[in-house]
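A quick write-up on the structure given underneath.
Lettering follows sequence order; numbering is per chain, from 1.
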Amino acid sequence: MPTITLPDGSAREYEGPTTPAQVAESIGPGLAQSAIGARVDGELVDLQHSITEDASIAIITARKGESESSDDALWLIRHSAAHVMAEAIERLWPGVQLVYGPPVDGGFYYDMHLPDDVKISSDDFSRIEEEMKSIISENRPFTRYNLDVTEGMKKVEGEGSKYKIDNAQRAIDAGSDELSWYATGTPGENWEDLCRGPHVPATGRIGAFKIMNIAASYWHGDSKSDQLARVYGTAFTDRKQLKRHLHQLEEARKRDHRVIGKQLGLFTIDDAVGQGLVLWKPAGSIVRQELQDFISTHTRRQGYDQVFTPHIGRLELYRTSGHFPYYQDSQYPPIIERDQLSTLAAEGCTCGELANRLETGEVEGYLLKPMNCPHHIRIYASEQRSYRDLPVRLAEFGTVYRHEQSGELSGMLRVRGFTQDDGHLFCTPDQIGQEVMGCLELVKVIFETLGMQNYRVRVGLRDPDSAKYVGDPENWALAEAACVEAAEKMGVDFESEPGEAAFYGPKIDFVVRDAIGRDWQLGTVQVDYNLPERFDLSYIGADNAAHRPVMIHRAPFGSMERFIGFLIEHYAGAFPAWLSPEQVRVLPVSEKSMDYARTVEAKLREHDLRAKLDTRDERLNSKVRAAAELKIPYLLVVGPRDAENQTVSVRAHGIEKDLGAVGLDEFTTALAEEVSSRSHGTALRQLFPDAAPDATE
RNA sequence: GCCACCGUAGCUCAGUGGUAGAGCACACCCUUGGUAAGGGUGAGGUCACGGGUUCAAGUCCCGUCGGUGGCUCCA
């Protein structure tokens, strides 16, 4: 006689074993009809799941129309849609071997191994969808049945798919004492798949779906293993939700930094220069320079010293640091002097030998620097250091080059040449805590100014069972505690991830998500015991003996390329005035007002504002439109009335109307103040308190 | 790097093996205007590159380069 507790706390008793379906039925026919699954004691299950003991239960329903379905509901629908898609594809292309088909963020996919003569392309999507529609319209029940491990393995092995055998074996290895199948219909008659479930009660409950994309994947995520085809789709309770989802995807694509970067003339990547090498156009350079100035102001306040170092360094330097040859694959090849090359060529040296000799140091060369730390380390080592000098904090916007795999390159977010807001701190072990804290404070100040709230913090700690780490365990414990404490004090949510530390020390990473849903690591703070050792760094302690300093690497924003790529998407190109390439544009109503317009422009420039004048022979409508598309924060319309009164008629980005006229001096002062305080929309709020305060966000 | 798809004017994109297209942007002319495209005229092309098939290739085939998405990688 199980007692079932509902989410509202009420309890019901049932005769003998029951199911979520029966529970829903007993509550009401409406609920029974819209139920698609349940959580029993927190576990997601089928409606037919057998409940034999007291349990708490929450019925999962598919909400229609405007209200959004819960994550659980979408998970069930998408997982079930993956099955339907797999069945459809198997019908269309017999011989396809299914591998694995889970729901994911925003949809689902199914990995499959295609016979050699089968290729699925986006042209086939409508056929797949038609087939799926027919399966859905048959409204066949998802029917689960279980076999014990022996029987189950016998069945899977009999069917002979190595992928399914592997899946079954993994389930058993993970501790399952039985294997389960889901048939869409009657087991033995209809299509079925090895699957742990759960699913919606019947195919008809998949309200709306769409095949989105096809891509390749590797079996077990191993690039040396079988290549699989991955078909992506998405599914919702009904068409309305699907339509809204597709619309959101379209809107998100408009924020894509590559699209906006082109529209606003911020940057370009030119094949004539090279893959993954960003050319900052004048407008983008302004954004970058402003941001660098901003960051520099704060690092100076934190006691950093600015340094500059060259773009290349001797190979020996990187042999010492260990970067060469360990990361050779992702470095541009070494630069070897011409004389040396000719000598080697004359000796008949092969490429393989050359590589060997470069590695051993018999042949010397230069490396396009993959990291700034060795250069900074040599600056530290250039003087004798006392404990009184520590921490030494060196900062540089240092450009590094990494030969990333071509398939990885993506706009400004993954490039081959990039400038890190790099810094290296050399300190005593007991200074680590305060220094890590300082790094996080900097991040916090800058993210707050930029209005960035949607970032995650990851604290990478060592795996206690692994021996791959350098440095003594006591120091590690100290450094890890410092990182965790700093993250806690920063007051943001963070995840501790054991095993994610670098081999040389724990780290804190900042992760953001781009317009199309991909995660990117921006900044990082890393404690390092390794490099001071490798470079034999020291300082003289109070005891007059030499001691080893600890290094902290920190690039709180990662690279200027990635950070600004992300920032473009964050603002959808509508930068706050202080960052905006063009802060204010003057629009004369007609040529007759051109003289006054020039006075206005000159006045703005006197206040160091980035102002431009639209001199085109166009109507005002056209000038407003052009400026609005460039997302310029402030537009000043000037006509005869304004000339007479020494006023400007203001329009602000995001507010699609004339806000009214204010005195030229008044406007200029207010905007100059907004810019110098790096605030967002203060001039607008000051001059036009009635205008929507958040409209420029 | 792997797989799939894509590459046509500065940009966004049409284009059925048979004369290379549109809109925007650009130049010039008309227009002198008060808040998201005033009108006209014109210029602009090695259809990514290299081979091949064909009487004929932007279109079909092969290769190379580049881009996009995913996978893998990321000190």
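- Spacing between atom CG of A:Leu264 and atom P of B:rA25 amounts to 16 Å, rounded to whole angstrom units.
- With sequence neighbours left out, the side-chain hydrogen bond (donor to acceptor under 3.5 Å, both in side chains) criterion links A:Asp614 to A:Arg616.
- For A:Glu629, the salt bridge (Lys or Arg N to Asp or Glu O under 4.0 Å) partners at least two apart in sequence or on another chain are A:Arg625.
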Taking Watson-Crick and G-U wobble contacts under 3.5 angstrom, with | marking pairs to another strand and [ ] crossing pairs, the secondary structure of RNA chain B is written (((((((..((((....[..)))).(((((.......))))).....(((((..]....))))))))))))....

Once base and sugar-phosphate atoms are separated, protein heavy atoms under 4.0 Å mark nucleotides 1-16 of chain B, 5' to 3', with B, S and - as BBBS------SS----

Under 3.5 Å, side-chain donor or acceptor atoms of residues 324-335 of chain A against the rest of the protein: list the pairs with distances, not counting sequence neighbours.
{"from": "A:Ser330", "atom 1": "OG", "to": "A:Tyr327", "atom 2": "O", "distance (Å)": "3.3"}
{"from": "A:Gln331", "atom 1": "NE2", "to": "A:His323", "atom 2": "O", "distance (Å)": "3.0"}

Once base and sugar-phosphate atoms are separated, protein heavy atoms under 4.0 Å mark nucleotides 30-42 of chain B, 5' to 3', with B, S and - as BBBBBBBBB----

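- With 3.5 Å as the limit, one finds a donor-acceptor pair spanning the side chains of A:Glu396 and A:Thr309.
- In summary, the aromatic rings of A:Tyr504 and A:Tyr529 are positioned with their centroids too far apart to meet the 6.0 Å limit.
- In terms of position on RNA chain B, the residue among A:Arg402 and A:Arg230 whose nearest nucleotide sits closer to the 5' end is A:Arg230.
- Smallest separation of non-hydrogen atoms from A:His79 and A:Pro103: CB-CG, 3.9 Å.
- Looking at A:Val650 and A:Leu636, their side chains come closer than 4.5 Å, going by heavy atoms from C-beta outward.
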